Amino acid sequence: MSLQPLLDGGLRPLVQALARRSVSATEVAQAYLDRIAVANPLLNALITVDPAATLREAALADTRLASASTTPGSGSAAAALAGVPIVHKDIFCAEGWRTTCGSRMLDNFIAPYDAGVIERFKAAGATTLARANMDEFAMGSSNEHSWYGPVRNPWDLQRVPGGSSGGSAACVAAGLAPAATGTDTGGSIRQPAAWCGVSGIKPTYGRVSRYGMIAYASSLDQGGAFARSADDLALLLDVMSGHDVRDSTSVAREDAPFSASVGRDVRGLRVGIPREWFGTGLSAGVGAAVKAALAQLQALGCELVDVSLPASSHAIPAYYVIAPAEASSNLSRFDGVRFGHRTADYHDLNELYERSRAEGFGAEVKRRILIGSYVLSHGYYDAYYLQAQKVRRLIANDFALAFESCDLIAGPVTPESAFMLGSNSSDPTSMYLADIYTIPVNLAGLPALSVPAGFDAGLPVGLQLVGPWWQEGRLLQVADAYQRSTDWHLQRPAALKGEGA
Ligand code: GLN
């Protein structure tokens, strides 16, 4: 039997086939590993592939699946993702796995424990397929800032996949994994999801544990997932989310399972269209696809309403004060003493710190540490950091006001589609603009997702949906209804055809 349809058919059929034992976890893992062996040299989407470790986990999953199917009365007791192989962004600590965060600083770091997210995937029976490439310490929008080299976009190998979770997005787009984890501090799930033509969700801040997720900007970082459909994202979010006492910002809530949100009618929902997101800066190709998607939501019975987010225009400057400030503090732990890279050449403690950090960090990370240290320093704190925090509050207030007249917000994910590798590397500010529609959402801590919504000259375009706090279910409901009536999420990249992927 060809495994092909099962590998590309989404999570539910795969979970069912594994539970029925018409295919084994080992066969599934091996089939994806075979695809990885062929396509990853072209994409560079993965930092660590360890087939032996993956197959050990798969064998264990097979034992569990076998006992679940033979123990009377436990037929439905099999865990939600039993035997499903998942790619994890290389930012989540996973016991025994090298966890580099895309940095030379952690090139030799083997995590001694599991992140909260990894624990939950394990408890759900999932196996680890590989570890995804990413921008160093999740800083970037193109995946060109990885110590392990850039990731290539499966739709056009000369283009970037987006970042910072570009490896995760590229893997799902190229069919190297049925799902992958990611993190989103300013857009790092939604933006690569949009550029790679896959579905990606960034939950409400506090929904998914940050324990063991290497910190970039702690007040903004949020773990989430990539998959082929909103339906799959709902399943993944059910597994990933939940209270964790080891993360003081994790929130205890009893929400209905997200899987219960899909398959439902969306008639009568009010979709807010922020007028500031459709002005200058939005490219014609992306704008046209997004507008067609909005018309489709209208055809499904949603009501489109005009909303305004006036403070959004200050989101990027505010973010590039707050995020580097937090990063400069978080990254001070990498000093060459306890873990990570240590210079071979030092004479005293200061030299050990300086050289280890000079050698271990890349240029973009150093830029952020310098900006962060500057804005936090005496005399500048009030002028920059405090001002940025006030802008952050204004942005959150804008959203709160908008949600008085709508149930969710819809718009573009990025102003443009994926750019050519290297074309933005000499100009950090133009790179930072790629996140203009995603960053306000992180500053406000809201849930948001991106779903494929057409093409701009052959390159995928994403539709962004943003919800009020804790309303991921509503976003998934609308995204699922959209996907039931369109087939953008089913399109596959031609660039890899004939490569076995
Ligand atoms: N591109 C943004 C940055 O470089 C966002 C990254 C992210 O979401 N991790 O900070």
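Quick caveat, the model's predicted, so the values are computed rather than measured. Count residues from 1 along the sequence. Just the heavy atoms: all of them, side chains too, but no hydrogens, waters or symmetry mates, feed the values below.
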Self-check item: Side-chain donor-acceptor pair present, Q4, S2, cut-off under 3.5 Å
Solution: no

Quiz prompt | Closest non-hydrogen atom pair, V451 against A479 | solution = CG1-CB, 3.8 Å

Exercise. May I ask you to decide if G140's main-chain N or O and S164's side chain share a donor-acceptor pair within less than 3.5 Å?
Key: no

Quiz item: Does N40 reach the main-chain N or O of L46 with its side chain, forming a donor-acceptor pair under 3.5 Å?
Solution: yes

Quiz item: Given side chains that start at C-beta, do those of T100 and Y148 come closer than 4.5 Å, heavy atoms only?
Solution: yes

Quiz item: Nearest 0.5 Å, what's the CG-CD1 distance between L129 and I86?
Solution: 8.5 Å

Practice problem: Can you measure from CD (E27) to CG (L18) and round to the nearest 0.5 angstrom? | Solution: 9.5 Å

Quiz item: Do D435 and Y319 pass the side-chain contact (heavy atoms from CB on, under 4.5 Å) test, and can you show the C-alpha distance, the side-chain angles, and the key distance before you say yes or no?
Solution: CA-CA 10 Å; D435 298 323; Y319 174 89; 5.7 Å; no

Practice problem: Using atom types as modelled and distance alone, determine if a side-chain donor or acceptor of S103 lies under 3.5 Å from a backbone N or O of E136. | Solution: no

Quiz item: Are the side chain of D90 and the backbone of R131 linked by a donor-acceptor contact shorter than 3.5 Å?
Solution: no

Quiz item: Do side-chain atoms of N442 reach the backbone of D184 as a donor and acceptor pair under 3.5 angstrom?
Solution: yes

Quiz item: Any idea how W277 and Y437 line up, ring-wise: parallel (<30°), tilted (30 to 60°), or perpendicular (>60°)?
Solution: tilted

Quiz item: Would you say V441 and I409 make side-chain contact, with heavy atoms under 4.5 Å?
Solution: no

Practice problem: Answer yes or no: is there a side-chain heavy-atom contact under 4.5 Å between Y216 and R368? | Solution: yes

Practice problem: Would you sort out whether T128 and F121 count as a side-chain contact (heavy atoms from CB on, under 4.5 Å), showing the intermediate values? | Solution: CA-CA 9 Å; T128 307; F121 273 104; over 6 Å; no

Quiz item: Quick check: does any side chain N or O of E276 sit under 3.5 Å from a backbone N or O of L309, one acting as donor and the other as acceptor?
Solution: yes

Quiz item: Does the pair S312 and D398 meet the rule for a side chain to side chain donor-acceptor pair (under 3.5 Å), with working shown?
Solution: CA-CA 8 Å; S312 277; D398 278 359; 5.3 Å; no

Quiz prompt | Backbone N/O of S219 and side chain of E326: donor-acceptor pair under 3.5 Å | solution = yes

Exercise. Taking the side chain as every heavy atom from C-beta outward, state whether P192 and F226 have any pair of such atoms under 4.5 Å apart.
Key: yes

Practice problem: Could you check if a side-chain atom of I47 sits within less than 4.5 angstrom of a side-chain atom of W147, using non-hydrogen atoms only? | Solution: no

Exercise. Identify the two heavy atoms, one from A323 and one from L220, that lie closest to each other, and give their separation to 0.1 Å.
Key: CB-CD1, 4.1 Å

Quiz prompt | Identified side-chain hydrogen bond (donor to acceptor under 3.5 Å, both in side chains) counterpart of N133 within the set S168, S146, S165 | solution = S146

Quiz item: So, S485 and Q296: side-chain donor and acceptor under 3.5 Å apart, yes or no?
Solution: yes

Quiz prompt | Criterion side chain to side chain contact (heavy atoms under 4.5 Å, CB included) against R474, the qualifying member of S261, P447, P468 | solution = P468

Quiz item: Does the side-chain contact (heavy atoms from CB on, under 4.5 Å) test come out yes or no for C196 and V172, once each step is laid out?
Solution: CA-CA 9 Å; C196 289; V172 174; over 6 Å; no

Quiz item: Which pair of heavy atoms, one from A94 and one from T99, lies closest together, and at what distance?
Solution: N-OG1, 3.7 Å

Self-check item: Sidechain-backbone polar pair: R210 side chain, Q222 backbone, donor-acceptor under 3.5 Å
Solution: no

Quiz item: Are R120 and S209 linked by a side-chain donor-acceptor pair shorter than 3.5 Å?
Solution: no

Exercise. Taking the side chain as every heavy atom from C-beta outward, state whether P85 and V28 have any pair of such atoms under 4.5 Å apart.
Key: yes

Quiz item: Does Y32 use its side chain to pair, donor to acceptor, with the backbone of L7 at less than 3.5 Å?
Solution: yes

Quiz item: Can you tell me how far the CG atom of L465 sits from the CG atom of L449, to the nearest 0.5 Å?
Solution: 5.0 Å

Exercise. Report yes if the side chains of V266 and L297 come closer than 4.5 Å at any heavy-atom pair, otherwise no.
Key: no

Quiz prompt | Within-4.5 Å side-chain heavy-atom neighbours: Q30 and L33 | solution = yes

Exercise. Applying side-chain contact (heavy atoms from CB on, under 4.5 Å), run through W97 and H88 and close with a yes or a no.
Key: CA-CA 11 Å; W97 285 82; H88 291 297; over 6 Å; no

Practice problem: Start with the C-alpha gap between K122 and E119, add the side-chain angles, then the distance that decides, and say whether salt bridge (Lys or Arg N to Asp or Glu O under 4.0 Å) holds. | Solution: CA-CA 5 Å; K122 280 189 179 168; E119 281 176 354; over 6 Å; no

Exercise. Taking all heavy atoms of S417 and all of P460, pick out the closest pair and write down the distance.
Key: CB-O, 4.1 Å

Quiz prompt | Reported CG-to-CD distance for the pair L421 and E144, which is rounded to 0.5 angstrom | solution = 5.5 Å

Quiz prompt | Listed partners of R159 passing salt bridge (charged side-chain N to carboxylate O under 4.0 Å, His left out), at least two apart | solution = D156

Quiz item: Going from OG1 on T185 to CD1 on I91, what distance comes out if it is rounded to the nearest 0.5 angstrom?
Solution: 6.5 Å

Practice problem: Evaluate side chain to side chain donor-acceptor pair (under 3.5 Å) for W195 paired with T414, printing each intermediate quantity in order. | Solution: CA-CA 9 Å; W195 286 2; T414 56; 3.1 Å; yes

Exercise. Write down the atom of I201, the atom of I189, and the distance for their closest heavy-atom approach.
Key: O-CD1, 3.5 Å

Quiz item: Backbone N or O of E416 within a donor-acceptor pair of the S283 side chain at under 3.5 Å?
Solution: no

Practice problem: For K89 and G182, work out which heavy atoms get closest and say how close. | Solution: CD-CA, 3.9 Å

Quiz item: Where does the angle between the aromatic ring planes of F403 and F399 fall among parallel (under 30°), tilted (30 to 60°) and perpendicular (over 60°)?
Solution: parallel

Exercise. Measure the CG-OG distance between L463 and S199 for me, rounded to the nearest 0.5 Å.
Key: 10.5 Å

Quiz prompt | Under 3.5 Å side-chain donor-acceptor pair for D221 and T183 | solution = no

